[in-house]
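Presented below is the structure to which this report refers.
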2 protein chains.
Amino acid sequence: MNKKLLSQNGHRLTKQRCSIFEALDLHPQSVAEIKDVLEKKEETVDKTTIYRTLEYFSQLNLINKTHFNGVTAQYELASPDHHHHLICNNCGSVEDVPLNEKLLLAQVKRKSNFEVKNHSLEFFGLCPNCQ
Amino acid sequence: MNKKLLSQNGHRLTKQRCSIFEALDLHPQSVAEIKDVLEKKEETVDKTTIYRTLEYFSQLNLINKTHFNGVTAQYELASPDHHHHLICNNCGSVEDVPLNEKLLLAQVKRKSNFEVKNHSLEFFGLCPNCQ
DNA sequence: TTAGATGCAAAAGATTTGCATTATG
DNA sequence: CATAATGCAAATCTTTTGCATCTAA
């Protein structure tokens, strides 16, 4: 966990933040899932705190928030290498895959005056186990 | 509106379904937005009916459901030409852009055993008006 | 010590469910 | 006229807000 980021700006490194950060290390998760994971480890954290902490991590660019699974937001650690998701329609598992999308961005530039800041790309289908 | 699809299987072409389908013709919208549009035309339809109708249209592949704007789902008419979205962070407008993603799919195939059924690709940034 | 962080309760927003009533085919 | 579709109320689920209390620095 990036303690540097937390020590500046008067931010505090609390045990709740550590717990939540550790939980995220596993895989992309929703607030409810994070809560369950922590409860099993007897590190119960209120859901409001989880929401606020995830928002806080997002602003520090430590995590990313996605909505590809429907109404419920999923959060995952931001990784330095930009990657995309392979989401299994059957078991819900999420695999990461690094892709080179330079060509796509060039296409957008050619076809529109839109100024792209970032993008999201997800593939849905069947993972090796569920095929 | 595709009356053929509705006349088979005992499906019924009701005035609510026609109203909702017309509203979707405008641009991708949420249930609340559809409701507002219809209310202004004095064609008030209950939100439950809108949800059920959109689910029904989805199953007939007449529309697609996305979650790129957060918790609230957006629905848009399915168009035969596969395209992607340019979503303005400032005004929320959605522009469509057709892209050739064959190269991406080939990359996925090379890097994983995942069996891709479909995908979603969205770009976020600033539209020409908001730059 | 003190401002930032947490927990609890309650509100707000999105979606779903149950059931009686309506209206299409 | 049979049953698919609708409307209304209430439930459920996710997220946000307000406020008193706690605690890291």
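None of these values were measured; they are calculated from a predicted model. Chain letters run A, B, ... following the sequence lines, proteins first and then strands; every chain starts at 1. Computed over heavy atoms, backbone and side chain alike; hydrogens, waters and symmetry mates excluded.
Judged by distance alone, the side chain of A/Lys111 and the main-chain N or O of B/Pro98 form a donor-acceptor pair under 3.5 Å.
When side chains are defined from C-beta on, B/Leu104 does not count as touching B/Val108, because their heavy atoms never get closer than 4.5 Å. Side-chain atoms of B/Asn100 and A/Leu103, non-hydrogen and from C-beta on, never get closer than 4.5 Å to each other. At a threshold of 4.5 Å between non-hydrogen side-chain atoms, the residues B/Gln107 and B/Arg110 count as touching. Using a 4.5 Å heavy-atom threshold, the side chains of B/Val97 and A/Phe114 count as separate. Side-chain contact check for A/Glu22 versus A/Asp25: every heavy-atom pair is 4.5 Å or farther apart. Within the 4.5 Å cutoff, the side chain of B/Val45 has no heavy atoms near those of the B/Lys35 side chain.
When the C1' atoms of four end pairs are superposed on the next four at each end of the helix from C/dT1-D/dA25 to C/dG25-D/dC1, using five pairs per end, the two resulting axes differ in direction by 40°, to 10°.
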Report each atom pair, protein N/O against N/O of nucleotides 21-24 of chain D, whose distance is under 3.5 angstrom.
from: D/dT23; atom 1: O2; to: A/Arg12; atom 2: NH1; distance (Å): 3.4
from: D/dA24; atom 1: N3; to: A/Arg12; atom 2: NH1; distance (Å): 3.3

Check your understanding: Hey, mind stepping through B/Thr53 and B/Thr14 against side chain to side chain contact (heavy atoms under 4.5 Å, CB included) and telling me if it holds?
Key -> CA-CA 10 Å; B/Thr53 301; B/Thr14 65; over 6 Å; no
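Under the 3.5 Å distance criterion, with hydrogens and angles disregarded, no donor-acceptor pair is assigned to the side chains of A/Thr49 and A/Gln16. No hydrogens or angles considered: a donor-acceptor pair under 3.5 Å links the side chains of A/Glu95 and B/Ser112.
Per the geometry, OH belonging to B/Tyr56 stands 21 Å off P belonging to C/dT15, to the nearest Å. Following rounding to the nearest Å, B/Gln16 (CD) and C/dG25 (P) show an atom-to-atom distance of 11 Å.
Within residues 37-55 of chain B, the residues approached by DNA chain C to less than 4.0 Å at the level of any non-hydrogen atom are B/Lys47, B/Thr48, B/Tyr51, B/Arg52, in residue-number order. Contacts with DNA chain D (heavy atom under 4.0 Å) in residues 29-36 of chain A: none are found.
The neighbour count for A/Lys109 NZ, taken as heavy atoms of other residues, nucleotides or ligands under 6.0 Å away, does not exceed 12.
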Side-chain donor-acceptor contacts of residues 119-131 of chain B below 3.5 Å, not counting sequence neighbours, with atom names and distances?
from: B/His119; atom 1: NE2; to: B/His82; atom 2: NE2; distance (Å): 3.1
from: B/His119; atom 1: NE2; to: B/Glu101; atom 2: OE1; distance (Å): 3.3
from: B/Ser120; atom 1: OG; to: A/Glu122; atom 2: OE1; distance (Å): 3.3
from: B/Glu122; atom 1: OE1; to: A/Ser120; atom 2: OG; distance (Å): 3.4
from: B/Gln131; atom 1: NE2; to: A/Asn113; atom 2: O; distance (Å): 2.7
from: B/Gln131; atom 1: NE2; to: B/Leu126; atom 2: O; distance (Å): 3.1

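Taking the side-chain contact (heavy atoms from CB on, under 4.5 Å) definition, one finds that A/Ser58 meets it with A/Ile63, sequence neighbours left out.
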